[in-house]
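Sequence positions, counted from 1, serve as the residue numbers for this chain.
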Amino acid sequence: MLVKTYGAAVQGIDAIPVTIEVLVKNGSLFSMVGLPDTAVKESYQRVQSAIMQSGMEYPRRNIVINLSPADVRKEGSAYDLPIAVGILAGDGILPSAGLSGCMIMGELSLDGSVLPIKGALPMAILARKMGLKSMIVPMANASEAAVVDSLDVYGVDNLSQVASLVSGNSDLCPTIVDTRREFAMGAGTFELDFADVKGQENVKRAFEVACAGGHNILLVGAPGSGKSMMAKRLPSIMPPLTLHEALESTKIHSVAGKLRRGSMLMTSRPFRSPHHTISPVALVGGGSTPMPGEISLAHNGILFLDEFPEFQRSVLEVLRQPLEDRHITVSRAKYTVDYPAGFMLVASMNPCPCGFYNHPSKPCTCMPGAVSRYLNRISGPLLDRIDIQVEIMPVPFEELTSMHAGEPSSSIRARVAAARAVQASRFGDEPEVHCNAQMTPRLMRLHCALGKESSDLLHNAMTRFDMSARAYDRILKVARTIADLEAAANLPASVACGQIDTVDGKEALQAAVNTPVLSHHIAEAVSYRNLDRASWGNFTAPQKLPLQ
């Protein structure tokens with residue numbers, strides 16, 4: 001008897017349909033075709049043991065399994081469950097009538113337990129697109145797949161439950177998830193808060209500007225000055241994820257197997273912090289079995305690279321194209337996949353090998369030219385893509401011992417969200433532009449026009465500090481964000497939250513959109529270009545250690 005069950009294969013972050021055709025006839029052979037990998041071929045032993053341990057008889061007949069389309073490689077153990085159901089239905093043990101409207105995916109243990117799989121969310125999205133009515137997945141993936149509406153998702157723990165469900169003898173109910181309610185409940189909850197940070201007000205302001213405009217930022221400071229500590233708190237001041245962004249980020253983490261068991265949509269922006277020994281493939285994605293890399297796992301969130309100059313030069317250079325295009329195409333001999341890579345780069349580094357160049361109290365012991373050589377580990381084209389460069393000084397003892405709490409992340413996040421609302425209105429007709437950091441030269445001419453005073457100030461700053469031409473665009477984009485933050489401070493709270501349903505709200509938002517870039521905005525933006533100053537790091541002799 002020929003039976004068809006439906007599954008899916010993941011390509012990139014999306015799924016494609018796979019039909020599992022099972023033919024059970026007289027004979028004693030078992031064969032599987034359709035370009036299966038080793039894990040799929042080994043399903044024979046798992047399926048056989050699971051069926052027998054579940055109290056059902058494994059058919060001692062000729063079984064032929066075809067995984068269609070036959071020219072797409074099938075990888076992983078998620079095909080165990082549809083193969084087992086197909087074999088049982090082909091032998092007449094289970095009815096085959098209800099299989100045509102159901103997608104089945106899951107890994108089987110030898111005792112018949114159903115184990116979690118990767119990519120349940122994109123598979124569920126595909127099932128809805130195919131017009132299927134239901135989907136059977138492992139219980140650990142049920143909440144994740146149930147995010148997709150108009151699809152009955154059944155979470156199962158073992159093969160016996162699947163058999164009862166297919167036979168119509170089960171009282172198992174579909175998993176119900178109120179996506180918007182769960183998303184709203186989980187948003188805005190963070191373990192780390194900027195209220196714990198003592199001092200460093202200029203760095204907090206730089207972080208606020210960076211998050212408001214989506215700007216990449218580089219922190220330069222001595223060891224122990226708080227670079228990593230503050231960077232880890234950045235997700236708490238990022239604008240909240242939209243439902244579309246949450247779905248997109250969840251798909252990526254689902255494909256990579258990074259979602260926690262029982263989790264649904266991601267409610268906070270991802271924060272990825274790979275070690276500096278990471279390989280280029282691990283950063284951009286790919287491998288023998290293509291998987292998203294760290295830059296894709298950081299999509300819609302933050303990629304934090306601590307000890308920036310310690311990364312291999314080849315690793316850092318692969319960041320250049322994704323930073324501009326916001327996606328990465330991984331091409332290999334056997335496949336080509338596209339992964340999204342719209343992340344905000346946050347990097348930190350010491351100012352020199354010893355770490356104490358420009359330190360207010362500790363002398364630098366580096367040899368002449370060491371600071372320049374250390375900075376030159378980062379290429380000019382990559383440094384050109386970092387909008388904000390901030391030098392961090394150690395916090396004085398008086399501020400460390402102060403009992404006064406800093407400004408909480410919720411207050412900073414409210415200002416950031418208001419500035420993003422202004423940018424969303426400004427770029428409403430630009431589908432590929434979502435924040436100021438993504439502005440094209442055409443948009444910069446339109447939205448960053450300078451008056452005479454502002455233009456003269458920028459000209460004098462670039463001449464005095466001998467800044468390169470590459471800094472010009474970055475200063476304008478950052479200044480535009482600073483102007484947006486200033487204008488957004490006057491918006492009603494409802495407008496900042498996206499509720500623009502009154503005439504006054506629309507007028508206030510439009511006024512904020514049209515706010516000009518003034519001289520004090522340019523001055524602050526110039527102050528964030530520390531490494532572009534020709535004098536930075538160029539000294540001829542090391543500072544002498546004090547005599548004991």
**Request:** Tell me, please, which residues at least two apart from R326 pass salt bridge (Lys or Arg N to Asp or Glu O under 4.0 Å).
**Result:** none
**Asked** With sequence neighbours excluded, what pairs up with R415 under the salt bridge (Lys or Arg N to Asp or Glu O under 4.0 Å) test?
**Response** E208, E407
Just checking [X]: does its [atom1] atom have more than 12 heavy atoms from other residues, nucleotides or ligands closer to it than 6.0 angstrom?
{"X": "H276", "atom1": "NE2", "result": "yes"}
{"X": "E453", "atom1": "CD", "result": "no"}
{"X": "E324", "atom1": "CD", "result": "yes"}
{"X": "Y335", "atom1": "OH", "result": "yes"}

**Asked** Would D387 and T481 satisfy side chain to side chain contact (heavy atoms under 4.5 Å, CB included), going step by step from the backbone distance to the final call?
**Response** CA-CA 11 Å; D387 303 351; T481 299; over 6 Å; no
Close side-chain approach of [X] to [Y], heavy-atom, < 4.5 Å:
{"X": "T515", "Y": "E486", "answer": "no"}
{"X": "C448", "Y": "M439", "answer": "yes"}
{"X": "E524", "Y": "R205", "answer": "yes"}
{"X": "V390", "Y": "F207", "answer": "no"}
{"X": "K477", "Y": "M444", "answer": "yes"}
{"X": "L458", "Y": "L476", "answer": "yes"}
{"X": "K452", "Y": "S455", "answer": "no"}
{"X": "N350", "Y": "K227", "answer": "yes"}

Atom pair [atom1]/[atom2] of [X] and [Y] - distance to nearest 0.5 Å:
{"X": "R385", "Y": "N216", "atom1": "CZ", "atom2": "CG", "result": "10.0 Å"}
{"X": "Q423", "Y": "S425", "atom1": "CD", "atom2": "OG", "result": "10.5 Å"}
{"X": "M123", "Y": "I16", "atom1": "CE", "atom2": "CD1", "result": "10.5 Å"}
{"X": "H459", "Y": "Y472", "atom1": "NE2", "atom2": "OH", "result": "10.5 Å"}
{"X": "Q510", "Y": "R426", "atom1": "CD", "atom2": "CZ", "result": "9.5 Å"}
{"X": "I475", "Y": "I482", "atom1": "CD1", "atom2": "CD1", "result": "10.0 Å"}

**Polar side chain donor-acceptor pair, T277 to H275, under 3.5 angstrom** = yes
**Request:** Indicate whether the side chain of E144 and that of T250 have a donor and an acceptor atom separated by less than 3.5 Å.
**Result:** no
**Prompt:** Would L305 and L316 satisfy side chain to side chain contact (heavy atoms under 4.5 Å, CB included), going step by step from the backbone distance to the final call?
**Reply:** CA-CA 10 Å; L305 301 183; L316 293 180; 4.2 Å; yes
Tell me whether [X] contacts the main-chain N or O of [Y] through its side chain, where contact means a donor paired with an acceptor under 3.5 Å.
{"X": "S296", "Y": "A341", "answer": "no"}
{"X": "S77", "Y": "A39", "answer": "no"}
{"X": "R233", "Y": "E191", "answer": "no"}
{"X": "S348", "Y": "D306", "answer": "no"}
{"X": "R480", "Y": "H447", "answer": "yes"}
{"X": "N141", "Y": "P116", "answer": "no"}
{"X": "S519", "Y": "S454", "answer": "no"}
{"X": "R420", "Y": "M238", "answer": "no"}
{"X": "K204", "Y": "V197", "answer": "yes"}

Could you pull out the closest heavy-atom pair between [X] and [Y], with the gap in Å?
{"X": "P394", "Y": "P360", "value": "CD-CD, 3.9 Å"}
{"X": "C211", "Y": "L234", "value": "SG-CD2, 3.5 Å"}
{"X": "V422", "Y": "A488", "value": "CG2-CB, 4.2 Å"}
{"X": "H253", "Y": "P270", "value": "CE1-CB, 4.0 Å"}
{"X": "G286", "Y": "V330", "value": "CA-CG1, 3.9 Å"}
{"X": "R377", "Y": "R313", "value": "O-CD, 3.5 Å"}

**Request:** Mind running side chain to side chain contact (heavy atoms under 4.5 Å, CB included) on K118 and V10 for me, showing each step along the way?
**Result:** CA-CA 9 Å; K118 298 178 181 179; V10 175; over 6 Å; no
**Message:** Under a 4.0 Å threshold between the charged nitrogen and the carboxylate oxygen, would D384 count as salt-bridged to R320?
**Reply:** no
**Asked** Any ion pair linking K251 and E248 (charged N to carboxylate O, less than 4.0 Å)?
**Response** no
**Derivation and outcome, side chain to side chain contact (heavy atoms under 4.5 Å, CB included), residues L382 and L323** = CA-CA 9 Å; L382 180 59; L323 282 172; 3.8 Å; yes
**Prompt:** Ring centroid separation for Y339 and H299, is it under 6.0 angstrom?
**Reply:** no
**Test side-chain contact (heavy atoms from CB on, under 4.5 Å) applied to S331 - qualifying residues, sequence neighbours left out** = T329, T336
